[in-house]
Number of protein chains: 2
Amino acid sequence: MEAERKQETKKPTGVPEPTIRRMPLYHNLLKKINIDEVEYISAPLIARILNLDPTQVVKDLSYTGIIGKTRVGYKIVELIIAIENLLGFHHPHDAFLVGAGNLGFALLNYTGFKPVGMNIIAAFDTDRKKIGTLVQDVKIYDFERYREMAEKMKPAIGIITTPPSVAQQVADVMVVWGIKAIWNYTQVSLRVPPSIVLQDTHIYASLAVIINKLNKEK
Amino acid sequence: MEAERKQETKKPTGVPEPTIRRMPLYHNLLKKINIDEVEYISAPLIARILNLDPTQVVKDLSYTGIIGKTRVGYKIVELIIAIENLLGFHHPHDAFLVGAGNLGFALLNYTGFKPVGMNIIAAFDTDRKKIGTLVQDVKIYDFERYREMAEKMKPAIGIITTPPSVAQQVADVMVVWGIKAIWNYTQVSLRVPPSIVLQDTHIYASLAVIINKLNKEK
DNA sequence: CAGTGTGAAGTTGTTCACAGCA
DNA sequence: TGCTGTGAACAACTTCACACTG
């Protein structure tokens, strides 16, 4: 009986992915507000700032479990904490990055990952000139040492920013040495076991959308 | 009567966006095939390679207008040309990139944009040390000179890889000097007129999805 | 009224089912 | 039998409509 109620309250379907993708926008916006000056914010206001549909925002925020005050809105501090819990910012995951090219460097220089739950703890490359150097406290190791480091540090997330030609090999190594999720920045369609969380960030997909829309405008 | 038939054949709704986003995957795969060895490819095979649903591939390919041979598949060269036409690779657009940090450098070093219809012809920054240097044939100019260059070169696409704090200003300048589309790599929700094609690439959105899935696996 | 909250309707995209074909 | 091609069923999101509240 208790279990049944629980199932109704928190249905196993979970939060829709588009909502998850918008959550960082809300979080980012809310963090910029000086809560000494404003304590509450309404969904329509958020919608206006972020160019979203007001009821969309209401629906999204409902997943946080925070209930708003009629005519006033949602308490900002509550929302922030709820979103951070929802996204899991308080259970940080360690990450390895393989491929210290320009894109890899860009990600290593990204200071914004740590506060949102991902901590890049080591990078790998095969280029002698890069091995041993530091990028924002993150050391670049010879990829030969991946196994050794992975056994020691047990990273959950693997970021691949290598040339496409070696992406699958790198993914295979990551899988063998216990990675839980792979964030793939190459255009290769990686083959990984279904238990691995795979997130592709295909740069050409966005470009295709842009060019398609541009050409559509007559 | 003739006009009516046309309207039925090619409905104005156009190609679904998810299909557009998958097209570069097909294109990339097809280009890698040696057409001297294999002339045809079937949708189920493509699906297996790219980890997609077979009927999904069939639906997507139907938008190219290419009709496949039963039991054999689609003629590879025909498909490539059709996809390139659909995505508009043959009508290249010039682009300006503003913000020559790591991410900007990564994009400038990306050799794969030219063949797919986007040609980065100039980059801008405010950092004295970078101004005047070349990255892959692309020169970095003082952002002060944006107007002058834009009037001369009339780029259609503006890529923003600046720090978030200046992203909106940059977007405003781009809009004033006639940009048609903006590819935004910052986490800022840019405000632009509705006539401007706006494509956001929010890195945190993908990260949120990864972390969310990771935490869901109990 | 201007906001929250929610069930219903609408829209879009995916998956299924099956006809046709070589 | 294995593939194309397509209409129909289904699933996922978004948008609408409206009841409710201070």
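Throughout, a chain's letter reflects where its sequence line sits, starting with A, and its residues are numbered from 1.
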* Asked: Counting side-chain heavy atoms from CB outward, which of C:dT4, C:dT14, D:dG2 is closest to B:T70?
  -> D:dG2
* Structure fact -> Against the side chain of A:D53, the closest entry in D:dT15, C:dC16, D:dT4 is D:dT15
* To do: Kindly determine whether A:V58 and A:Y74 satisfy side chain to side chain contact (heavy atoms under 4.5 Å, CB included), including the steps that lead there.
  => CA-CA 10 Å; A:V58 171; A:Y74 304 83; 4.0 Å; yes
* Asked: Mind checking whether B:Y204 and A:F113 have parallel, tilted or perpendicular rings, split at 30° and 60°?
  -> perpendicular
* With heavy atoms under 4.0 Å as the rule, sort B:I67 into base, sugar-phosphate or nothing. => sugar-phosphate
* Asked: What is the distance, rounded to the nearest whole Å, between atom CZ of B:R71 and atom P of D:dG5?
  -> 15 Å
* Is the centre of the B:F96 ring less than 6.0 Å from the centre of the B:Y146 ring? -> yes
* Structure fact -> DNA chain C nearest-nucleotide lookup for A:V58 and B:T19: closer to the 5′ end is A:V58
* Structure fact -> A:P44 has its side chain closest, among D:dC16, D:dT4, C:dT4, to C:dT4
* To do: Please state how far atom CG in A:L61 lies from atom C1' in C:dG3, giving the value in whole angstrom units.
  => 13 Å
* So what does A:K59 touch, heavy atoms closer than 4.0 Å: a base, only the sugar-phosphate, or nothing? -> base
* Asked: Would you say A:Q56 reaches D:dC13's phosphate, i.e. side-chain N/O to OP1/OP2 under 4.0 Å?
  -> no
* To do: Find the distance A:I20:CD1 to D:dT14:P and express it as a whole number of Å.
  => 12 Å
* Asked: Hey, does the side chain of A:R22 come within less than 4.0 Å of D:dT14's phosphate (OP1/OP2), counting only N and O?
  -> yes
* To do: Give a yes or no answer on whether the side chain of A:T161 reaches the backbone of A:V98 with a donor-acceptor pair at less than 3.5 Å.
  => yes
* Mind telling me whether A:H27 and A:F89 have parallel, tilted or perpendicular rings, with 30° and 60° as the class edges? => perpendicular
* **From C:dA22, D:dC16, C:dT15, nucleotide with atom closest to A:T55 side chain** => D:dC16
* Asked: To the nearest angstrom, how far is A:Y74 atom OH from D:dT21 atom C1'?
  -> 13 Å
* Structure fact -> Atom NZ of B:K69 and atom C1' of C:dG20 are separated, to the nearest Å, by 17 Å
* To do: May I have the distance from B:I41 (atom CD1) to D:dG2 (atom C1'), rounded to whole angstrom?
  => 15 Å
* Whole Å only: how far is the CZ atom of A:R21 from the C1' atom of D:dA12? -> 15 Å
* Asked: Below 4.0 angstrom from OP1 or OP2 of D:dT6, is there any side-chain N or O of B:Y63?
  -> no
* Whole Å only: how far is the CD atom of A:E17 from the C1' atom of D:dA11? -> 15 Å
